Amino acid sequence: VQLQASGGGLVQAGGSLRLSCVASGRTFSNSAMGWFRQAPGKEREFVAAITRSGSTTYYTDSVKGRFTISRDNAKNTLYLQMNSLRPEDTAVYYCAADSQQGDYGSMSYRAARLYDYWGQGTQVTVSS
């Protein structure tokens with residue numbers, strides 16, 4: 001099982017990037033998935049999550065209205081559209097997937113312990 005994240009890069013403040021995460025080895029169409037990020041010297045933090053049905057999404061407050069998480073189950077792919085990027089968004093972004101086909105309370109989706117599979121990370125750097 002592998003999650004392959006891509007789409008990171010260097011962008012100026014106010015710019016946009018779209019991250020992708022392709023899953024291989026099994027299907028995650030019935031699994032919750034999420035994005036986390038880790039900035040230098042900081043702990044990994046929750047960014048966004050999407051339920052297995054795709055009907056509900058969750059965001060950390062700092063990205064609400066700027067980032068959009070989505071999924072294409074036919075392609076076994078998770079996305080994170082990031083607009084109006086800020087220097088404080090600079091981090092390595094990781095995609096993650098739950099191994100179970102579960103539905104959970106809203107706080108559970110924000111916890112790294114929910115997710116059993118993790119991608120290798122893609123660097124996002126936002127210059128001021």
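One-based numbering along the sequence shown. Side-chain atoms are counted along with the backbone in the values below, which use heavy atoms only and exclude waters and symmetry mates. Predicted, not measured: the structure shown is a model, and the values here were computed from it.
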Considering residues at least two apart in sequence or located in another chain, which fulfil the salt bridge (charged side-chain N to carboxylate O under 4.0 Å, His left out) criterion with R37? E45, D89
For K64, enumerate each residue passing the side chain to side chain contact (heavy atoms under 4.5 Å, CB included) test, keeping only those at least two apart in sequence or located in another chain. Y59, D61
Using links of under 4.5 Å between side-chain heavy atoms of ILVMFWY residues, direct or through other members, which residues join M107 in one cluster? none
Pairing donors with acceptors under 3.5 angstrom, does anything connect the side chains of T77 and D72? no
Listed by chain and number, what are the salt bridge (charged side-chain N to carboxylate O under 4.0 Å, His left out) partners of D116, not counting sequence neighbours? none
Any side chain to side chain donor-acceptor pair (under 3.5 Å) involving residues 118-128? Give me the pairs, sequence neighbours left out, ordered by first then second residue. Q123-T125
May I have the step-by-step check of ring-ring contact (aromatic ring centres under 6.0 Å, His included) for F36 and F46, ending in yes or no? CA-CA 4 Å; F36 289 73; F46 168 77; 5.7 Å; yes
Can you sort out the partners of S70 under side chain to side chain contact (heavy atoms under 4.5 Å, CB included), two or more places apart, ordered by chain and number? Y79
Taking V47's backbone N and O only, do any of them form a donor-acceptor pair with R110's side chain (distance below 3.5 Å, no angle check)? no
Show me the donor-acceptor pairs within less than 3.5 Å that the side chains of residues 19-26 make with the rest of the protein, sequence neighbours left out.
unit_1, atom_1, unit_2, atom_2, d
R26, NH1, S99, O, 3.3
R26, NH2, S31, OG, 3.4

Residues joined to L10 in its hydrophobic cluster, side chain to side chain under 4.5 Å directly or through other members, sorted by chain and number, are none
Give every residue pair that meets the disulfide (SG to SG under 2.5 Å) criterion with at least one member in residues 96-128, sequence neighbours excluded. none
Residue pairs passing the disulfide (SG to SG under 2.5 Å) test with at least one member in residues 99-128, sequence neighbours excluded, are none
Residues forming a side chain to side chain contact (heavy atoms under 4.5 Å, CB included) with A13, sequence neighbours excluded: P87, V126
Under the side chain to side chain contact (heavy atoms under 4.5 Å, CB included) rule, collect the residues that match up with S106, sequence neighbours excluded. Y58
